[in-house]
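Only this structure's heavy atoms are used, side chains among them; waters, hydrogens and symmetry mates stay out.
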Amino acid sequence: MFLFCYLKPIFSSFCVSSTVSMFLNTLTPKFYVALTGTSSLISGLILIFEWWYFRKYGTSFIEQVSVSHLRPLLGGVDSSSPSNSNTSNGEADSNRQSVSECKVWRNPLNLFRGAEYNRYTWVTGREPLTYYDMNLSAQDHQTFFTCDSDHLRPADAIMQKAWRERNPQARISAAHEALELEESRSSPPLLSSCSCATAYILLAEEEATTIMEAERLFKQALKAGEGCYRRSQQLQHHGTQYEAQHRRDTNVLVYIKRRLAMCSRKLGRTREAVKMMRDLMKEFPLLSMFNIHENLLESLLELQNYADVQAVLAKYDDISLPKSATICYTAALLKARAVSDKFSPEAASRRGLSTAEMNAVEAIHRAVEFNPHVPKYLLEMKSLILPPEHILKRGDSEAIAYAFFHLQHWKRVEGALNLLHCTWEGTFRMIPYPLEKGHLFYPYPICTETADRELLPMFHEVSVYPKKELPFFILFTAGLCSFTAMLALLTHQFPELMGVFAKAGPPPFPSPPCSAMLLTWNVGETSSKLPDLIIKPDRSDPGYQLNAFLKGNSAPSVFVL
């Protein structure tokens, strides 16, 4: 009995194995064709969805669902426990840091919608601006060009609604309506409206089809804006309402003068543009939100006035001020200019780098660490598109905005692009893990890819740094899809042969049918001999023969399994 209890699980496995074998023997080749084909189709659909999700969001859908939903159900880390309080606080701090680093900034060199962006759409049929980018611009316009007291003046109330309109034609019609209403009425001096200036701004930005037409409208806006600014400046201390109006009129005036300087730069009057920018920075030194110094740097580089460029960099390339690709790469360009005309990689490898060359290489490494996407555009390894109206610092959008205007300045300096080509990739050897630790700047933010996908149009392939490896589930589903597709093809071409292979899986050791197993044990045997087994297989099975006989049964007990 003890031996029977010990061997019972083994004989049970014999039963299961024989049952599975009988089931497989009844299957036809058509079943295997349908099974492998369906498996290949399902795994292929999963692979396509996983690849699309990874290209759009930069992560695996299965992995995200597992981390977000399955881990808590399976007893994941509980952030509310006291032992993990420090970890959760650290994660919260890192999240706040990443959000602050991924702040979207207004592009200081943004183009004109009517004269440049719309012309691109007319020629190519593509939209260069995304809805997210234009929505951010609408929010900026409402912040800069409106105030709480606009509803008290009919023309300003119209412009307040115009900046919220999504339809460009509706905005343009509202601007014309505000101008007509302002011309038909005579306002008292204390309630003089600034709607004329903002209406001209809207028409210059969106209705004007050329830069010259936009400049003409901005000059009309400047005339109206200066009058509003002078009046509000005298009344700003009479109450919070007048103070808000003065702040709005200041923003309007600075915006108009900056855009007029950009019109002069685009029309070839670069020296005039430089003078306007310098005067604007002296008149309003505290308004750094517009980043006018970046417009000034680009204009000075166009004039090849490198001494003034160095003076501007000495003022704004400070550790306490936020950096930008314009500042970092312009500093690298000035240092590369001193050695690039005589630089040779072969000579440098033989004699080593001089002090000036070392400074230039370090400046290039510093710039590449700040924004690693720029060199591919400067070296024309990636095609440029029109820059967006908003940029993400250290992201692909900032790299496009910088290279779009500064590529010509790098080409003008002899050997500068050659020096950049030879040295920029060395930065990545200095920072093997950019998301964890930086060298001269903070670690590279992980949110740039998501924000750049919202800012840049769909037809542009967003540059990603550091390069992400394919998730495990994409590789797994790709292998599963390939394997099942190969099985489906072989089963379709050779159904009989594949059926034989499917049915010919050998059992771990010979097992006769369950109904034919007999266990015989001589209970009355008192000798030290082990009990004998008699195995009587089914005679219809030619693979087995009777190989044991009962010896001296005085009182046999037979157990049938």
Closest approach of [X] to [Y] (non-hydrogen atoms, all atoms of both residues):
| X | Y | value |
| --- | --- | --- |
| A224 | A197 | CB-N, 4.0 Å |
| N107 | P388 | ND2-O, 3.0 Å |
| Q142 | W163 | NE2-O, 3.8 Å |
| P372 | W424 | O-CZ3, 4.3 Å |
| L111 | E205 | O-OE1, 4.5 Å |
| N291 | P108 | O-CB, 3.7 Å |

Decide yes or no for [X] and [Y]: does some side-chain heavy atom of the first lie under 4.5 Å from some side-chain heavy atom of the second?
| X | Y | value |
| --- | --- | --- |
| P387 | L109 | no |
| M458 | R126 | no |
| S324 | W105 | no |
| L300 | Y306 | no |
| L203 | I172 | yes |
| F112 | R259 | yes |
| T121 | L129 | no |
| F145 | L202 | no |

Atom [atom1] in [X], atom [atom2] in [Y]: separation rounded to 0.5 Å?
| X | Y | atom1 | atom2 | result |
| --- | --- | --- | --- | --- |
| I327 | R366 | CD1 | CZ | 8.5 Å |
| I256 | Y229 | CD1 | OH | 13.0 Å |
| R164 | T146 | CZ | OG1 | 7.0 Å |
| I292 | L297 | CD1 | CG | 12.5 Å |
| L384 | L378 | CG | CG | 8.5 Å |
| D308 | L296 | CG | CG | 8.0 Å |

Check: Should we count CE of M486 as having more than 12 external heavy atoms under 6.0 Å?
Finding: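 Yes, because the 6.0 Å sphere around CE of M486 holds more than 12 heavy atoms from other groups.
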
Margin query: Are there over 12 heavy-atom neighbours, none belonging to E414, within less than 6.0 Å of that residue's CD?
Written below: no

[X]: what forms a side chain to side chain contact (heavy atoms under 4.5 Å, CB included) with it, not counting sequence neighbours?
| X | result |
| --- | --- |
| R271 | L303 |
| A356 | V339, S354 |
| A347 | S344, R350, R351 |
| D140 | R106, F144, H390 |

Item checked: Candidate list H406, K411, R412, test side-chain hydrogen bond (donor to acceptor under 3.5 Å, both in side chains), partner H409, passing option ->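 Exactly one candidate clears the test, R412.
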
Checklist line | Identified side-chain hydrogen bond (donor to acceptor under 3.5 Å, both in side chains) counterpart of D396 within the set K376, H460, R453 | finding: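 Going through the options one by one, the only one that passes is H460.
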
Item checked: Residue of the set L217, L253, I201 for which side-chain contact (heavy atoms from CB on, under 4.5 Å) holds with L222 ->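 Among the candidates, only L253 passes.
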
Margin query: I'd like to know whether C228 forms a side chain to side chain contact (heavy atoms under 4.5 Å, CB included) with V252, so could you lay out the CA-CA distance, the side-chain angles of the two residues, the decisive distance to 0.1 Å, and finally the verdict.
Written below: CA-CA 10 Å; C228 292; V252 170; over 6 Å; no

Tabulate below the donor-acceptor pairs under 3.5 Å that side-chain atoms of residues 260-268 make, not counting sequence neighbours, or state none.
{"from": "S264", "atom 1": "OG", "to": "L260", "atom 2": "O", "distance (Å)": "3.2"}
{"from": "S264", "atom 1": "OG", "to": "R269", "atom 2": "NH2", "distance (Å)": "3.3"}
{"from": "R265", "atom 1": "NE", "to": "E298", "atom 2": "OE1", "distance (Å)": "3.0"}
{"from": "R265", "atom 1": "NH2", "to": "E298", "atom 2": "OE2", "distance (Å)": "3.0"}
{"from": "R265", "atom 1": "NH2", "to": "E302", "atom 2": "OE1", "distance (Å)": "3.4"}
{"from": "K266", "atom 1": "NZ", "to": "E116", "atom 2": "OE2", "distance (Å)": "3.2"}

Margin query: Tell me whether the rings of F218 and Y255 are parallel (<30°), tilted (30 to 60°) or perpendicular (>60°).
Written below: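 Ring orientation of F218 relative to Y255: tilted.
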
Between the side chain of [X] and the main-chain N/O of [Y], is any donor-acceptor distance below 3.5 Å?
| X | Y | result |
| --- | --- | --- |
| H141 | S137 | yes |
| S397 | L392 | yes |
| E398 | N371 | no |
| K393 | K323 | yes |

Next item on the list: Take L280 and F284 through the test side chain to side chain contact (heavy atoms under 4.5 Å, CB included) and record every step on the way to the result.
Entry: CA-CA 6 Å; L280 187 58; F284 303 97; 3.7 Å; yes

Checklist line | Pairing of K382 and E461 as salt bridge, 4.0 angstrom limit | finding: no

Checklist line | Pairs flagged by ring-ring contact (aromatic ring centres under 6.0 Å, His included) wherever residues 334-377 is involved - sequence neighbours left out | finding: F370-F441

Checklist line | Stepwise side chain to side chain contact (heavy atoms under 4.5 Å, CB included) check, I364 with L420 | finding: CA-CA 7 Å; I364 290 176; L420 177 67; 3.7 Å; yes

Checklist line | Geometric cation-pi criterion, R166 with Y131: 6.0 Å, 45° | finding: no

Checklist line | Test log, rule side chain to side chain contact (heavy atoms under 4.5 Å, CB included), inputs V123 and R119 | finding: CA-CA 6 Å; V123 173; R119 290 178 62 185; 5.5 Å; no

